[in-house]
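Below is one structure, written out as C-alpha cells; comments come after it.
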Amino acid sequence: MRSNLIYIIFAVAALMAAILLAICLAETVPDAGGRAHAEIAGLQVGGDGTARLQYIGPLAFLFQCLLLTQIALLSLLGVAERYRTNELLTYMGGTLAITLFIAWKMFSGHSAFLDTGETAYFMGFPTATAWQTYGTWLGAIPLILIYSFGFNKFIYTKEDEEKFNALLAEKTNKLSEAENSDRAT
Amino acid sequence: MEAFRQEIIIGAVVGYMIFCVLTGLWAMRRTHNSSDFFIAGRGLGPIVVSLALFSSTLSGFGFVGGPGLVYSIGVSSFWMVVISSCGYALGFYLVAKRIRMIAELRDCISLPDIVAARYGSEAVRFMIAITIVLGVMGYLATQILAMAVVMQAILSGTEAFANVGLVTCVVISSAVLIFYCVTGGIIASVYTDVVQGSIMIVAGTLILFTAMNVFDGGMQEATSIILADDYETVMPYGAAGIMASLGWFFVFGLGLAGQPHLITKMMMNKNIRDNRSILPMSLFGYVMAALLWISIGIVMRAAVIDGVVDPLALPDDAASVFLSVFTNPLLAGIVFAGLFAAIMSTSDAFLNIGTAAIIHDIPKAIRGKSIENELFWARVVTVLLAIVAASFALYSHFRDATLVALLGAFGWGTFAASIFPVVAVGLNWKGATVAGAVTAIGTALTINFGSQLAGITFPYGVSGQLVAFVSSMVLFIGVSLVTKKPVLDNDIKLMMDI
C-alpha cells in the first residue's frame, strides 16, 4: 500500500474507465440526460427517475464510490512515502468511510423516494439532496483538517525544511561557483 | 432609494473600477522584473494568496452561468460547487508544496517552467504552453464578452446611456482590465483579487439571506415547489441525471488541481508553511461566495414555476432578474461589483499565464532560451493578448460563435484532463515519464477537441470532458509504467523525496 500506491491508483482509474464504457454501452432509456420542460422554456426536467437508473444505477453508484476512493488515494500520494504511517492511513481510511457513507445515504435516500414518493426535509432540501449538498461539502473537511493540523507531521516536517534549505544552499553555492569561474575566465 | 437603483449600481461598479486602476498604479512601483510580473517574487502572505486563489476559481461563470444552470437543470449543477472541498484538498496535497519548492529551486516563473524542470523535457513544456494559450483565448474571450454584456445591461437602464453599444462596453471594461494588468502584473492582479474576493464573500452571504426570505417557508418552500413540478430536478442528481452529475464531480473535483491559473498562485507564497492556513481560508471564501450560485438558482426556478416571476428569456438572466426583483439597490450594487470582480479576477489570472506562455515558455521550448527584456515584452503581449481576445469575443458575438465555442471546449475540462495527470500526479511519482506526459496531454486535447468538432455525444449525459479525463489518467500512468524509468536531475529527485 505504502510503496505500491501508484498501482492501486492505476487499478482504480482503469476500473472507472471500464465502468464508464459499460455505462456508455448499456441499454439507453429516453431522456436519460433530461428533457425540456413542457410549459416553461429554458427549464429542463428529469422525468422518470426510476427508469433513468434502471440499467445503470448500480454501475453509476460504483463509479461514485471509486471516485471517492481515488480522491483518498491521491491525497495519500501527495504525502511522502515515509509519512504514510498507520496513523495517517487510519485518518485517510476514516475520511473515506465517511464519504462513502454519505454517498450511500444520498443514493439510498434517492431510491427510497423513488419507491415511496415521500421525503422529509433537512435545512431546506429533501433529505437525500441534503446529504448531497451538505454531506459532500462537509465530508471532505477531515481531509482539510488532516492537512492543516497534520502539516508539521505528515506534509512538511522540520527535517523536510532542513533538507530543502540544504538543497537551496547547494544551488546558491553552485551559482556562485559558476559566477566565480566566469569572472576568472 | 429605489428610484436611484441604476445610479447606485453604476456607482458601485465605477468605484470598483477606479480601485482597480489605482491598484495598478501602486503595483507598478513594486514590479521590477519578470519574476515580480509573473509570480510576485514569491513574496505573498497567506491571506493574499487565499483570497487570490478562491476569487480566481470563481469566475463570471459562478455569478452568471452558475445560477442559470441551477435554474435550468436543478441540483445537477450543485455538483460543480459541493466538490470544492475535495478539489481544494487535492490541490494542496498534490501540488501546493512541490510546485512551490520547484519554483524556488529552479527559479520557475510559470507552470510550463515547472513541468520542464520536473520532466527535463522541452516537448512537455511546449505542449503545456500551447494548451494554456488555447485555453486562455477561449476563457478570456468569454469573460470579456460577459463583462461587456453585463455593463451594457447596467448602462442601458439609465437615460444617459440607454443606447450604449456592446463594442463601447468591451472597450471600457477591457481598458480597465488591461491597465492594471499591464502596469502592475500579477502584483496588481493578486491585490485586486483580495478586494474582489472580499466583495464576493459579502455578496454571497447577503444573497443567501435574501434568497431565504423570498418565500415565507424559506428554502424548503422553494424546493417543495420544484419537487411538485418535477421531483428529479431537486433530487441529488438533478434533471441532467446521475452520470452528468458524477462527470462534474470528477472534472471539477480532481480537475481543480489541474487549473493553471490556480496552481500558478501556489508558487507565489512567501513561506511553504503558509499552505496549512491557505487551504482552509481559500475553501471558506469559496463556499461563502458560492452560496449565491445555489440560492439564486433554486429561488428563481421556484419563483417562475409558482408564477411569482415571468419565465426568463435565458437561464443566464437568473441572477440579474433576481437582483432587480428581490434585492434592494445597495445589495444589487455590491453584487454587480462582485460580478465584475469575479470576471476580472479570473481574466487577469488568465492574461498573466497566457503572457508567460507566449513570451517565456514557447520561445524557451523552441530555441532553448527566453527572449531578452522579458518585462517589457510581458507588458506588450498582455495588451495584445487582451485586444485579440476582445476582438475574438466581438467577432463571435456578431458573426460566428463557433470558434469561441470550440475554444471554450479548452476550458476547465481540458485543463483538468491534460494538466492534472502531468502535474498533480507527476510531481508526486518519480516513475512518471515524458512519454506518459505527452500521451496524456495529446489524448486529452484530441478527445476534447475531437468530440466538440465532430459533435459526438455520449449516452446518459456522460460528457466528453469526463471521457477525456479518465482516459488521460489511465494512459498517463499506464504508458509511464511500460516505458523506461526516467533518470531525474539530482535536485528534482531529492525534492521529490521531501
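In what follows, chains carry the letters A, B, and so on, assigned in the order in which the sequence lines appear, proteins first and then strands, with residues in each chain numbered from 1. Bear in mind the structure is a predicted one, so any value in this text is a computation, not a measurement.
When heavy atoms are compared at a cutoff of 4.5 Å, A/T172 does not approach chain B at all. Heavy atoms closer than 4.5 Å to chain A are found in both the backbone and the side chain of B/V82. When heavy atoms are compared at a cutoff of 4.5 Å, A/R82 approaches chain B solely by way of its side chain, counted from C-beta outward. Proximity to chain B (any heavy atom under 4.5 Å) is shown, for A/F107, by both the backbone and the side chain. If you measure heavy-atom distances from A/D31 to chain B, you find no contacts under 4.5 Å at all. Using a 4.5 Å cut-off between heavy atoms, B/S224 contacts chain A through both its backbone and its side chain. Looking at A/E159, there are no atoms closer than 4.5 Å to chain B (heavy atoms on both sides), in backbone or side chain. With a 4.5 Å cut-off on non-hydrogen atoms, A/E162 does not touch chain B at all. Heavy-atom distances place the side chain of A/I40, and not its backbone, under 4.5 Å from chain B. For A/L67, the part lying under 4.5 angstrom from a heavy atom of chain B is the side chain only.
No side-chain donor from either of B/Y71 and A/Q44 sits under 3.5 Å from a side-chain acceptor of the other.
Proximity of B/Y460 to A/C24: side-chain heavy atoms (C-beta onward) are nowhere separated by under 4.5 Å. The shortest side-chain heavy-atom distance between A/I155 and B/K97 falls under the 4.5 Å cut-off. Side-chain contact between B/D230 and A/H37 is absent, with no heavy atoms from C-beta onward closer than 4.5 Å. Using a 4.5 Å heavy-atom cutoff, the side chains of A/Y121 and B/L227 are in contact.
Across B/V95, B/V462, B/L312, the residue that shares the most heavy-atom pairs under 4.5 angstrom with chain A is B/V462. Of the listed residues (A/L114, A/L25, A/L21, A/L43), the greatest number of heavy-atom pairs within a distance under 4.5 Å of chain B belongs to A/L43. Top candidate by heavy-atom pairs under 4.5 Å with chain B, chosen from A/V12, A/V79, A/T136, is A/T136. Between chain B and the options A/T99, A/T28, A/L168, heavy-atom pairs under 4.5 Å are most frequent for A/L168.
For the pair B/R273 and A/E161, the salt-bridge criterion is met [side-chain N within less than 4.0 Å of a carboxylate O]. Ionic pairing of B/D107 and A/K171 is present here: one or more N-O contacts between side-chain nitrogen and carboxylate oxygen are shorter than 4.0 angstrom.
Among residues two or more places apart in sequence or in another chain, the ring pair (Phe, Tyr, Trp, His ring centres under 6.0 Å) test is passed with A/F113 by B/Y231.
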